[in-house]
Amino acid sequence: MRIYSTETVEKVDEEVELAGWVDARRDHGKLIFIDLRDKNGIVQLVFNAKDEKLWKIAEELRPEWVIRVKGKSAKRPDNMVNDELPTGKVEIAVSELDILSRSETPPFPLDTDGYDIDEEVRLKYRYLDLRRRRLQQNLRIRSKLVNEMRKALFEEGFTEIETPLLTKSTPEGSRDFIVPSRLNPGKFYALPQSPQQYKQLLMVAGFERYFQIARAVRDEDLRADRGFEHTQVDIEASFLNRDDFMKIDEGIIVKAVEALGYRFKDKPFPVFTYDEAMEKFGSDKFDLRTPEEKKNGALAFAWVVDFPFFEKTDDGKWTFTHNPFSMPKEEFLQSLLDGKNIEKILTTQYDMVCNGLEVGGGSIRAHRPEILRAVFKVMGYEDEMIDEQFGHMLEAFKYGAPPHGGTAHGVERLVMALTGEEYLREVQAFPQSSSGRTSVMDAPSEVDKKQLDELGLELKKTKKK
Ligand code: ASP
């Protein structure tokens, strides 16, 4: 049976079978050395000119070809040991070689970190780009982080529940991606900006502790740490006040991140009010690391609390700063219900920052219908509009809604903090380009007239690019 490259060191003097990609080839007269790459790493293969038949096939091998070999795992002579390679003490004296698949010369080098390669080309050939060690590592760290968070959440008694992708437009503050409905011509679903309302409904349903590794889709301006799609570890819990929730959430992050072997600058995480943060750092996404700590990979997590609930829009109306479903801090509840001193109202919102990135944010929610209604009133919504858009939440809250709150952690931003990557695309398998096109598949693309007809849609004007 085939084994992985890293296992060859435990199989000295044994016959082994390996498979993978040709990472590099070195010709040394009567010997050809091939670095064979698999998911675990690299091991050196040796072909000897004495075996003519094998030599002939080996001579053909080029980088990125896929091969299977059998041979003996042999100790290298002392002066040939490569200490930089985990398998550097051995090499495989090949006796059988199968070429499983050939490769054209890749459009860009795969043995570099790849930062200098044009983004569009990297994304067009993302399946090759992903072969580079840096991206392999980033995606494996991501997978481990999600696994550890999931484990920590299960240990705290959370239940993993999925919520719909085809849903209703919600006011998370971004533009929706909308999906036309064939069965209801002229009507549209929206892809979820977050599972916010569903997770609150799950609290009404009595689950008490919910989480989901949720995809969130937002049609907003793309930035280094922002794409159309991202993944959230989305959490909600009942019967906890703000400080209790923050403690549980911090515990989950600490457990998961420590399991991956990272170090924290401060634990417990320091807490700053929004005013303190703005005064001290001029930003609510600050970086607490010293220049020295930036080099040694420390993680400087912190909390920000006591944000203003509302801010003025350009046209002079009030809008929410974070989340319309939040509860104000208790001492401001009456002001909210009375619609007075709006600018002074502070919310129960808590943001988590790490190394200058916002890596989480949530709040305790308004679980009584009159409080939620008051929030929308402040924002200038008429009763009719509130009922039309949020009637389902107000209705649900009439049936014994427990006090509840939660948060969402951006998986990509957490992984960016762990790996030191500056761009979201370096920690996603198939990201969109900065012009909003998908990797490899080249969407968005046109659809045929039949599809449009079925949906009852007609295009006003199609701009050819
Ligand atoms: N729904 C919020 C968001 O996606 C997070 C939360 O308040 O739980 O930003």
Side-chain angles (χ1 to χ4, degrees), residues 149 153 156 158 160-165 167-177 190-204 207-220 223 225-238 240-242 244-246 248-250 252-253 274 284-285 303-311 319-329 346-354 357-367 371-372 375 389-390 393 401-414 424:
M149 286 190 75
L153 282 154
E156 287 290 339
F158 285 80
E160 186 169 11
I161 305 176
E162 287 174 301
T163 55
L165 274 182
T167 174
K168 191 176 160 104
S169 185
T170 64
E172 245 80 23
S174 304
R175 204 177 285 114
D176 285 316
F177 274 96
L191 298 178
Q193 291 186 31
S194 89
Q196 181 71 39
Q197 297 187 55
Y198 285 113
K199 68 173 168 177
Q200 292 194 240
L201 293 173
L202 289 169
M203 294 302 105
V204 180
F207 284 96
E208 294 198 33
R209 290 190 173 202
Y210 140 98
F211 83 97
Q212 175 177 199
I213 313 298
R215 304 299 289 277
V217 192
R218 302 175 184 190
D219 186 0
E220 55 191 355
R223 292 198 313 227
D225 64 347
R226 211 188 238 181
F228 287 152
E229 290 182 47
H230 70 275
T231 303
Q232 300 183 336
V233 179
D234 193 51
I235 308 174
E236 197 77 5
S238 297
L240 295 171
N241 64 29
R242 184 190 77 173
D244 289 342
F245 184 83
M246 286 165 65
I248 289 184
D249 188 44
E250 180 171 325
I252 288 159
I253 291 285
Y274 173 74
D284 57 359
K285 298 173 202 30
W303 289 102
V304 189
V305 296
D306 291 357
F307 292 89
F309 201 134
F310 300 98
E311 64 188 1
T319 186
F320 56 91
T321 59
H322 286 78
N323 192 326
F325 297 100
S326 298
M327 183 76 109
K329 287 190 83 183
L346 298 181
T347 156
T348 52
Q349 176 81 22
Y350 30 80
D351 277 3
M352 191 184 275
V353 296
C354 178
L357 292 164
E358 185 192 318
V359 293
S363 63
I364 300 304
R365 323 297 183 187
H367 68 284
I371 307 175
L372 187 55
V375 172
Q389 288 198 31
F390 305 104
M393 295 299 280
H404 60 282
T407 196
H409 292 285
V411 170
E412 287 82 359
R413 292 204 191 142
L414 278 172
L424 193 101

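Keep in mind that the numbers below use all heavy atoms, side chains included, and drop hydrogens, waters and symmetry copies. In each ligand, atom 1 is the first atom listed, and ligand 1 is the first ligand listed.
- Annotation: Asn323 places an N or O atom under 3.5 Å from an N or O atom of ligand 1; distance criterion only.
- How far CZ of Phe211 is from CD of Gln232: 14.0 Å, rounded to the nearest 0.5 Å.
- Note: Phe245 and Tyr350 have parallel aromatic rings, judged against thresholds of 30 and 60 degrees for the angle between ring planes.
- Close approach to Thr407 involves these atoms of ligand 1, each under 4.0 Å from a residue heavy atom: 8 (O).
- Judged by distance alone, the side chains of Gln349 and Thr321 never bring a donor and an acceptor atom under 3.5 Å apart.
- Counting atoms of ligand 1 from 1 in the listed order, those under 4.0 Å from a heavy atom of Gly361 are 5 (C), 6 (C), 7 (O), 8 (O).
- When each atom of ligand 1 is checked for a heavy atom of Gly362 under 4.0 Å away, the hits are 6 (C), 7 (O).
- Look at Arg365 and you'll find a heavy atom under 4.0 Å from some atom of ligand 1.
- Considering backbone and side-chain N/O of Arg218, one or more are found under 3.5 Å from N/O of ligand 1.
- When the salt bridge (charged side-chain N to carboxylate O under 4.0 Å, His left out) test is applied to Asp306, the partners found at least two apart in sequence or on another chain are Arg242, Lys329.
- The side chain of Lys199, and not its backbone, has at least one atom closer than 4.0 Å to an atom of ligand 1 (non-hydrogen atoms only; side chain from C-beta on).
- Exactly one of Gln212, Arg209, Arg365, Gln200 qualifies for a side chain to side chain donor-acceptor pair (under 3.5 Å) with Glu236. That residue is Arg365.
- By the 3.5 Å distance cut-off applied to N or O atoms, Ser194 is counted among the residues near ligand 1.
- Polar contact with ligand 1: present for Gln232 (N/O pair, distance under 3.5 Å).
- Interatomic distance, Phe207 CZ to Ser238 OG, rounded to the nearest 0.5 Å: 11.0 Å.
- Taking CG from Asp351 and NE2 from His322, the interatomic distance works out to 4.0 Å, rounded to the nearest 0.5 Å.
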